[in-house]
Amino acid sequence: MNPVRVRFAPSPTGALHIGGVRTALFNWLFARHHNGKFILRIEDTDQTRSTDESIKIILDGMKWLGLDWDEGPFRQTERMDIYREHVDRLLKQGKAYYCYCTPEELEARRKAAIAAGRPPKYDRKCRSLTAPVVGRTPAVRFLSSDEGQTIVRDLIRGAVSFENQQLDDLIIQRSDGFPTYNFAVVVDDVTMNITHVVRGDDHLNNTPRQIQLYQALGYEPPEFAHLPMILGPDKTKLSKRHGATAVTEYIDLGYLPEALVNYLSRLGWSSGDQEIFSRQELIEKFSLDSVGKAPSVFNPEKLLWLNHHYIQQADPGRLAGLALALLKKDGVVASGKEPDREWLKKLVKMLTERSHTLMEMKTAAIPFLVDEIELDEKARSKHLTNDVAPILSELANRLKPVEPFTHTEVEKVFAAIVVEKGLKLGKVAQPVRVALTGGTVSPGIYDVIEVMGKEKTIKRIEAAITMIK
RNA sequence: GGUCCCAUCGUCUAGCGGCCUAGGACGCUGGCCUCUCACGCCGGAGACACGGGUUCGAUUCCCGUUGGGACCA
């Protein structure tokens, strides 16, 4: 058995999107599971749309997700000689021919064919040409067979057969000298010794023509596995119009890479009832056998749930670093004026439970970092009423001498006041919460007070009292 | 339009002929916990697209219908 070699071959024409990541992930898992090689290849033959910026985005995204590659990134534009060589070989062997038809001519004939009720495939006009057409640069077409069938043996789909009659003489090299997608893929996969082509379902229809190319070139085709598509809520192929689909967006929204990896791995694949997988478990358990055939709808809510889960699991030091970066980006924390790291970790730990994303965490952290807070108007009018002013004064006074200023000690003060005044705890806690955080939602009030510290706590309670009067 | 693929709760899925009065997860929802919001815990609603076969027995196998998707243009 040859060692497994798989590849991920994105086109650098924009963002690295969710569908691409899932394909990359499955290839990566397959390679790691089999102790094989994962190769990265940039399909940049479409010069008009490919950009270096996009390559960078793809590489950064892969790194962020921890999908490390063993070889590459290779770029198709650096492999032009290899494609030409293969084109020449087919030409010499009479398995390909020059085609001088212009796009306009082709289009006109296709329309005519449709109008006449014939299938709009290439009419093979240039097949019988014996001499070049002067003044035109030819494309090269593959001479395909009209007879029999081509069977794609797919590891996920089983045997899928196509009538060769349906396939027309596809262009393998455009008149500008660039290879076409189907041809470059075949040449690349063969010359890179790819053993398993694991890619999106959208390429299944391309596979029979590629198999014919392998055969014409005298190569053994690799194994194929076509993954079901990821769809949007409207059941069409997931795309930008369905919302956040680029990896960079998820980074910015405050998702953890392990959450995205876990979520995507469960889209079209499963292992019994298990939902949470560590990276190591994924590698151990991944198999193409348990990849489903049906396309799956992308569900942002489940991803959010997983992200919440992984935020709970994450090391507070790491979260503190990530949160700090977001805080700086927002200008809440100035460079050079970073809060104490241990204190920040304490703050982050406290916020972790109710944070589904790092963005949520960042927002919840703001009141603890700024000097002045703005009170939510509704919260203020509901909880900072005249009758609570004396309670707050009493509380502030009793808090002043508390030492150490901890959850436990603060709780004692609250308990005493509640008992003495015959109040419900909520009558004290809610106004304090508003005074300290500006809103009605926060972690437990004693934790909030401890993390906020004595000085800020007293100051904000007193400010609230002034506001009432 | 042609070719190909697909079909279990709203969504992701388990199920590979009897263990299924169909299991888990997200979401939704009732309750508990409670200083708010969450978390957590307990409970609930919720699916085998339809019609034929095959079989003692079909969610599971076959055929068709319907529906959806992808690709080619």
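Not measured: the values here are computed from a predicted model. Throughout, protein chains are lettered first and strands after them, A, B, ... in sequence-line order, and every chain is numbered starting at 1.
- Atom CG in A:Asn205 sits roughly 9 Å away from atom P in B:C71 (whole-Å rounding).
- When the P atom of B:U3 is taken as reference, atom CG of A:Asn206 falls 17 Å away, rounded to whole Å.
- As rounded to whole Å, 13 Å separates atom C1' of B:C4 from atom CD1 of A:Ile151.
- Looking at heavy-atom distances under 4.0 Å, A:Lys427 makes no contact with the nucleic acid at all.
- Atom CG of A:Leu231 and atom P of B:G10 are 16 Å apart (whole Å).
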Assess the residue pair A:Glu455 and A:Lys459 against the criterion (salt bridge (Lys or Arg N to Asp or Glu O under 4.0 Å)); give the C-alpha distance rounded to whole Å, side-chain angles, the decisive distance to 0.1 Å, and a yes or no. CA-CA 6 Å; A:Glu455 191 191 334; A:Lys459 204 179 114 199; over 6 Å; no
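- A gap of 16 Å separates the P atoms of B:C12 and B:A47, to the nearest Å.
- For RNA chain B, no neighbouring residue in residues 357-379 of chain A is found when judged by any heavy atom under 4.0 Å.
- More than 12 heavy atoms of other residues, nucleotides or ligands shown are found within 6.0 angstrom of CD on A:Glu377.
- Two residues are said to be in side-chain contact when any heavy atoms from C-beta on lie closer than 4.5 Å; A:Phe224 and A:Arg157 fail this criterion.
- Side-chain atoms of A:Leu213 and A:His86, non-hydrogen and from C-beta on, never get closer than 4.5 Å to each other.
- Straight-line distance between the C1' atoms of B:U21 and B:G46: roughly 16 Å, to the nearest whole Å.
- B:A49 and B:C6: their P atoms are spaced 15 Å apart (whole Å).
- The same atom, C1', is picked in B:G17 and in B:C62; the two are 14 Å apart, to the nearest Å.
- At a non-hydrogen distance threshold of 4.0 Å, A:Ser161, A:Phe162, A:Gln166 from residues 161-176 of chain A come into contact with RNA chain B.
- Within a 6.0 Å sphere centred on CZ of A:Arg136, other residues, nucleotides and ligands contribute more than 12 heavy atoms.
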Under-3.5 Å N/O pairs linking protein and nucleotides 47-49 of chain B:
none

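- Comparing the P positions of B:A45 and B:G52 gives an interatomic distance of 30 Å, to the nearest angstrom.
- Rounding to whole angstrom units, CZ of residue A:Arg157 and C1' of B:C71 are separated by 13 Å.
- Annotation: side chain to side chain donor-acceptor pair (under 3.5 Å) contacts of A:Glu409 (sequence neighbours excluded): A:Lys412.
- A heavy-atom distance below 4.5 Å is not found between the side chains of A:Glu275 and A:His309.
- Between the A:Thr236 side chain and the A:Gly232 main chain, no donor and acceptor come within less than 3.5 Å of each other.
- Atom NZ in A:Lys293 sits about 14 Å away from atom P in B:U13, given to the nearest Å.
- Taking atom CD1 on A:Ile230 and atom P on B:A70, their separation rounds to 13 Å, with Å as the unit.
- Spacing between atom CG of A:Asn262 and atom C1' of B:C12 amounts to 12 Å, rounded to whole angstrom units.
- Each of A:Arg209 and A:Gly292 was assigned the nucleotide of RNA chain B with the nearest heavy atom; the assignment lying further toward the 5' end belongs to A:Gly292.
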Show every donor-acceptor pair shorter than 3.5 Å between a side-chain atom in residues 7-17 of chain A and any protein atom, with sequence neighbours excluded, or say none if there are none.
unit_1: A:Arg7; atom_1: NE; unit_2: A:Asp189; atom_2: OD1; d: 3.0
unit_1: A:Arg7; atom_1: NH2; unit_2: A:Asp189; atom_2: OD2; d: 2.9
unit_1: A:His17; atom_1: ND1; unit_2: A:Gly19; atom_2: N; d: 3.3

Please encode protein proximity along nucleotides 24-41 of chain B as a string of B, S and -, counting only heavy-atom distances under 4.0 Å. BBSS-------BBBBS--
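- The residue among A:His203 and A:Ser296 whose nearest nucleotide of RNA chain B lies closer to the 5′ end is A:Ser296.
- Pair check for B:A14 finds none; no Watson-Crick or G-U wobble contact set falls under 3.5 Å.
- The shortest side-chain heavy-atom distance between A:Val448 and A:Thr457 does not fall under the 4.5 Å cut-off.
- OP1 and OP2 of B:A7 both lie 4.0 Å or more from every side-chain N or O belonging to A:Lys235.
- Contact check for A:Phe286 versus A:Val291: side-chain heavy atoms found under the 4.5 Å cut-off.
- Comparing B:C19 with B:U60, their C1' atoms sit 14 Å apart, to the nearest whole Å.
- Nucleic acid contact for A:Gly439: none, since no nucleic acid atom lies under 4.0 Å from a heavy atom of the residue.
- Using a 4.5 Å cut-off on side-chain heavy atoms (C-beta onward), A:Lys454 and A:Leu399 make no contact.
- Ion pair A:Arg318/A:Glu258 flagged as a salt bridge, since at least one NZ, NE, NH1 or NH2 atom sits closer than 4.0 Å to an Asp/Glu carboxylate oxygen.
- Residue contacts shown for A:Thr236 are limited to sugar-phosphate atoms, with no base heavy atom under 4.0 Å away.
- Nearest heavy-atom pair, A:Asp376 versus A:Ala379, reported as atom, atom and distance to 0.1 Å: OD2-N, 2.9 Å.
- With a 6.0 Å radius and a threshold of 12 heavy atoms from other residues, nucleotides or ligands, A:Tyr98 has its OH atom at or below the threshold.
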